[in-house]
Amino acid sequence: MSQVTRADFDRVMVPNYAPADYIPVRGQGSRVWDQEGREYIDLAGGIAVSSLGHVHPALVGALTEQGNKIWHVSNGLTNEPALRLASKLVAATFADKVFFCNSGAEANEAAFKLARKYAIDNHGLDKHQLISTGNSFHGRTFFTVTVGGQPKYSDGFGPKPAGITHLPYNDIDALTAAMSHETAAVVIEPVQGEGGVLPAERAYLQAARELCDRYGALLIFDEVQTGVGRTGALYAYMEYGVIPDILTSAKSLGGGFPIGAMLTTDRIAKHFGVGSHGSTYGGNPLACAVAEAVIDVVSQPETLEGVRQRHDRLLSGLEAINARHGVFQQVRGMGLLLGAVLADGYRGRAKDFMTAAAREGVMVLQAGPDVVRFAPSLVIPETDIDEGLARFERAVAALAAV
Ligand SMILES: *Cc1c(COP(=O)(O)O)cnc(C)c1O
């Protein structure tokens, strides 16, 4: 096998990413090793994806078992893992029906198309407005990136899909003023993830629910980042006590194997009739077998209780670091999705924190230029949290010293 290095990225890969200078080759639980054999504590979970750490035995077991049975069937057929996973998701949530795809963007693409279809079927073409929030992130297809509230990601590609309104997040007055009988759907991340780990206020989600009911609009929760135990509940809507009409899930759902899902009710699902939407790989047996194993582990009360304990430990550790170094304005978030908002003197430098952390042997994320994000495995050993924090503090000290 020929040896590849980071330099090959610049040679053979489209330059839409700027990866770090090390290449991970192996993981175990919440530890990862690179080509040089250097060890990292993974407080990033990939990118809020590796919900059960790396090579979790239940997931490896499900993958290899299914891998020896059947990998692919066409959508002219169904398969057992998909039916089992869908049954479990339906049993555990508000939903009656599930559509499987391969990513968060595809789950949202399906959600937005379905919401438009439902509104237009029931009320005619004028009811097509989608209301979204500033700074939100819903994926990178042209429809989802346009619904997303970060124009820097959607500009430059020519005419955008129309009928999309962006409002400030957590702003009940703005939502009340903007909604009408032409609103097809309101889409909200219960915690804005990429946009800075900003949790919704309960009153805001409640108001969105009431306004959607008043105007016959659908409430879509994008739980691609918050779903599958990340916030300490199976889905964040349960924590908030506000039930959406459509929910999207991906990231943690596959624990590292690509899968996305859109969940909804019978009343809405029936508007996606035969032939109306689809995906070749969506709902494939391998992905569904792995996700079923993820759901089995995450929905155990001990796992969810463990998220709350780990939340407290990570949060208090970050606050202690801040008490010594004064680099954060605030640490916020839910469960194991935390954002350390950089203090004024450090604004715009989240990427420097990421790089410095990797140098000390700990993986963290950014959420925009001003927030350092933490999204570790839901079952990360507490000793790895402590060691990860110790390494992160060395990175903070190095940055604070210059
Ligand atoms: C990551 C993310 C997406 C996009 O998911 P992909 O799998 O990258 O397509 C959509 N919505 C939210 C909230 C996300 O965090």
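Counting starts at 1 for both ligands and their atoms, in listed order. Hydrogens, waters and symmetry mates are skipped; everything else that's a heavy atom, side chains included, is used.
The closest protein non-hydrogen atom to atom 2 (C) of ligand 1 is K251 NZ, 2.5 Å. Counting only heavy atoms of the protein, atom 10 (C) of ligand 1 lies nearest to H138 C, 3.4 Å. The closest protein non-hydrogen atom to atom 6 (P) of ligand 1 is G104 N, 3.4 Å.
The residue T144 has no part lying near ligand 1, judged by heavy-atom distances below 4.0 Å.
Against a heavy-atom cut-off of under 4.0 Å, S103 is close to the following atoms of ligand 1: 7 (O), 9 (O). Residue contact check: E189 has heavy atoms under 4.0 Å from atoms 13 (C) of ligand 1. The ligand atoms of ligand 1 that sit less than 4.0 angstrom from a heavy atom of N108 are 10 (C), 11 (N).
The aromatic rings of F137 and Y153 sit perpendicular, their planes meeting at an angle over 60°, well past the 30° parallel limit.
Ligand 1 has a nitrogen or oxygen under 3.5 angstrom from a nitrogen or oxygen of D222. Inclusion of Q225 in the set of residues having an N or O under 3.5 Å from an N or O of ligand 1 is warranted. Remark: ligand 1 and A250 share no N or O pair separated by less than 3.5 Å (distance only, no angle test).
If you check each of A105, G139, G260 against atom 9 (O) of ligand 1, the one with the closest non-hydrogen atom is A105.
Residues forming a salt bridge (charged side-chain N to carboxylate O under 4.0 Å, His left out) with E305 (at least two apart in sequence, or on another chain): R308.
Shown here for G282 and N102, the closest heavy-atom pair between the two residues is N-OD1, 3.5 Å.
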Which atom pairs, one a donor and one an acceptor, fall under 3.5 Å between side chains of residues 200-210 and the rest of the protein, sequence neighbours left out?
| unit_1 | atom_1 | unit_2 | atom_2 | d |
| --- | --- | --- | --- | --- |
| R202 | NE | Y240 | O | 3.0 |
| R202 | NH2 | E239 | O | 2.9 |
| R209 | NE | D213 | OD1 | 3.4 |
| R209 | NH1 | I243 | O | 2.8 |
| R209 | NH1 | D245 | OD1 | 3.4 |
| R209 | NH1 | D245 | OD2 | 3.2 |
| R209 | NH2 | D213 | OD1 | 2.8 |
| R209 | NH2 | D245 | OD2 | 2.9 |

- [ ] Evaluate the ring-ring contact (aromatic ring centres under 6.0 Å, His included) criterion for residues F94 and Y235: first the C-alpha distance (whole Å), next the side-chain angles of each, then the deciding distance (0.1 Å), finally the verdict.
- [x] CA-CA 10 Å; F94 75 96; Y235 284 98; 8.6 Å; no
TODO: Before giving the answer on ring-ring contact (aromatic ring centres under 6.0 Å, His included), spell out for F221 and Y237 the whole-Å C-alpha distance, their side-chain angles and the decisive distance to 0.1 Å.
DONE: CA-CA 8 Å; F221 281 172; Y237 84 84; 7.2 Å; no
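Taking a 6.0 Å sphere around CZ of R324, one finds it holds more than 12 heavy atoms contributed by other residues, nucleotides or ligands.
At a cut-off of 3.5 Å, with distance as the only test, no side-chain donor of D42 or S377 sits close to an acceptor on the other residue.
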